[in-house]
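This report refers to the structure that appears directly beneath it.
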Amino acid sequence: MKKILIAFAALWLTACSQIDTGNIGVESTLGQVKKETMPPGVYFTMFKRVTEVSAKELLLKFDDMKPQTADKITLQDLDVDIYIQIDPSKASDIMTRWPGDVTQEKDEDGARIGMNYVTRQARENIYNTITKYGSTTVHTERTAIAADVVKQLQKDLDESAGKGWFFVRSANVRNLVTDPALEAAIKENANRNFQIASKQKEVELARAEAERNRVEAQGIADAIRIKAAAVSAQGGKEYVELEAIKKWDGKLPTTSAGGVTPFIHVK
């Protein structure tokens with residue numbers, strides 16, 4: 001009796017399927033997919049097939065792509081990550097629409113459904129997105145490219161698959177390398193622009209220095225003109241005597257030859 005119970009328990013365990021948190025179960029019998037999905041839990045599945053489907057956010061990696069820019073320059077390398085999630089309530093519809101599109105990735109506890117279809121759509125979308133950008137600026141537009149991919153891919157999936165079946169959560173341009181010759185040209189152009197900016201700064205400094213010199217020279221000229229006017233005008237004698245006093249060394253004259261009055265008067 002004990003052996004029978006053990007055998008029955010073993011049979012029960014092998015006939016049960018567990019659906020982990022974050023996943024759902026899709027039941028099918030003789031190729032027919034049931035509309036209702038199964039929430040996380042343990043189910044007796046001896047007489048039916050249950051596919052545990054991942055309802056988590058999934059990473060799709062696109063490596064070594066070589067799309068063309070708007071001016072027909074082929075990128076040397078482009079790597080993009082896209083994060084996709086299905087609507088759990090649409091799992092049965094997705095499996096019915098693409099019955100063979102069920103894949104299992106290593107270290108994932110649930111199957112991916114419809115992701116081969118999404119991958120094809122996403123790859124085409126990435127190539128189309130790059131054609132909107134010029135070769136000389138595409139390397140500076142990673143954030144814009146990622147946002148464009150998310151927006152356009154979501155639109156494409158809603159129109160071609162079903163609205164709300166798939167959600168494009170985010171995208172990341174992991175690597176973007178333009179043509180090597182173009183890379184060199186971009187660097188050379190950037191260096192040239194830097195040199196031009198430096199020269200423009202030097203011109204501005206030279207202009208400022210010239211203006212300072214002009215103002216200073218104008219001030220000296222104005223001072224000379226004022227002094228000259230003072231000498232030639234009435235009372236110029238007093239001005240000349242004042243200037244002489246400024247330069248007097250403090251020694252008094254000892255003689256007055258020829259009855260000439262000393263330049264410095266002492267009272």
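Note: hydrogens, waters and symmetry copies are ignored here, and every other heavy atom, side chains too, is used. Remember, it's a predicted structure, so these values are computed and weren't measured experimentally.
The minimum heavy-atom distance between Thr69 and Tyr133, with the atom names listed, is CB-O, 3.2 Å. Contact record, Pro67 with Ile130: CG-CG1, 3.7 Å, taken as the closest heavy-atom pair. Taking all atoms of both residues into account, the shortest heavy-atom contact from Pro99 to Val102 is O-CG2, 3.9 Å. When all heavy atoms are compared, the tightest approach of Ala111 to Thr51 is CB-CG2, 4.2 Å. What you find for Arg97 and Ala161 is that their closest heavy atoms are NH1-O, 3.0 Å. Nearest approach of Ala55 to Gln85, heavy atoms of both residues: O-NE2, 2.8 Å.
How far CD of Gln121 is from OG1 of Thr119: 10.0 Å, rounded to the nearest 0.5 Å. Ile86 CD1 to Ile94 CD1: the interatomic distance, rounded to the nearest 0.5 Å, is 4.5 Å. In this structure, CZ in Arg123 is found 9.5 Å from CD1 in Ile82, a value given to the nearest 0.5 Å. Rounded to the nearest 0.5 Å, atoms CG (Asn116) and CG (Asp101) are 4.0 Å apart. Going from atom OG of Ser92 over to atom CD of Glu27 covers 9.5 Å, rounded to the nearest 0.5 Å. The distance from the CE atom of Met65 to the CG atom of Leu176 is 9.5 Å, given to the nearest 0.5 Å.
The backbone N or O of Val26 lies less than 3.5 Å from no partner atom in the side chain of Thr37, so there is not a single donor-acceptor pair. In this structure, Asp64 contributes its side chain and Asp79 its backbone to no donor-acceptor pair below 3.5 Å. Under a 3.5 Å cut-off, the side chain of Arg112 and the backbone N or O of Ser54 do not form any donor-acceptor pair. No side-chain donor-acceptor contact under 3.5 Å links Lys66 to the backbone of Leu75.
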*After noting the C-alpha distance and the side-chain angles of Leu58 and Met115, does the key distance pass the side-chain contact (heavy atoms from CB on, under 4.5 Å) rule?*
CA-CA 9 Å; Leu58 302 173; Met115 288 300 119; 4.2 Å; yes
*side-chain hydrogen bond (donor to acceptor under 3.5 Å, both in side chains) evaluation trace for Asp20 with Gln18*: CA-CA 6 Å; Asp20 295 327; Gln18 178 175 327; 2.9 Å; yes
_With side-chain contact (heavy atoms from CB on, under 4.5 Å) as the criterion, how do Thr140 and Thr137 come out once you've worked through the C-alpha distance, each side chain's angles and the decisive distance to 0.1 Å?_
CA-CA 6 Å; Thr140 67; Thr137 58; 4.1 Å; yes
*Going through the checks in order, is the side-chain contact (heavy atoms from CB on, under 4.5 Å) test met by Thr178 and Gln76?*
CA-CA 5 Å; Thr178 56; Gln76 184 179 4; over 6 Å; no
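Qualifying side chain to side chain contact (heavy atoms under 4.5 Å, CB included) partners for Asp81, counting only residues two or more places apart in sequence or in other chains: Leu59, Lys61, Tyr83, Asn172, Arg174. When the side chain to side chain contact (heavy atoms under 4.5 Å, CB included) test is applied to Thr96, the partners found at least two apart in sequence or on another chain are Val33. Every residue two or more places apart in sequence or in another chain was checked for a salt bridge (charged side-chain N to carboxylate O under 4.0 Å, His left out) with Glu52, and none qualifies. Partners of Asp87 by side chain to side chain contact (heavy atoms under 4.5 Å, CB included), not counting sequence neighbours, listed by chain and number: Ser89, Lys90, Phe167. For Lys56, the salt bridge (charged side-chain N to carboxylate O under 4.0 Å, His left out) test picks out Asp109, with sequence neighbours left out.
Side-chain contact between Lys163 and Leu157 is absent, with no heavy atoms from C-beta onward closer than 4.5 Å. Side chains of Asp93 and Lys35 form a contact here, defined as non-hydrogen atoms less than 4.5 Å apart. In this structure the side chain of Leu78 never reaches within 4.5 angstrom of the side chain of Asn175, judged on heavy atoms. Residues Ile19 and Val50 form a side-chain contact, since some pair of their non-hydrogen atoms from C-beta on lies under 4.5 Å apart.
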Would you tabulate the side-chain donor-acceptor contacts of residues 144-155 under 3.5 Å, counting partners in other chains and residues two or more places apart, or write 'none'?
| residue | atom | partner | partner atom | Å |
| --- | --- | --- | --- | --- |
| Asp148 | OD1 | Lys132 | NZ | 3.4 |
| Asp148 | OD2 | Lys132 | NZ | 3.2 |
| Gln154 | OE1 | Val168 | N | 2.7 |
| Gln154 | NE2 | Asp158 | OD1 | 3.1 |
| Gln154 | NE2 | Phe166 | O | 3.0 |
| Lys155 | NZ | Glu159 | OE2 | 3.0 |

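For the pair Arg120 and Glu124, the salt-bridge criterion is not met [side-chain N within less than 4.0 Å of a carboxylate O]. Between Glu209 and Arg212, at least one side-chain N (NZ, or NE/NH1/NH2) sits under 4.0 Å from a carboxylate O, which counts as a salt bridge.
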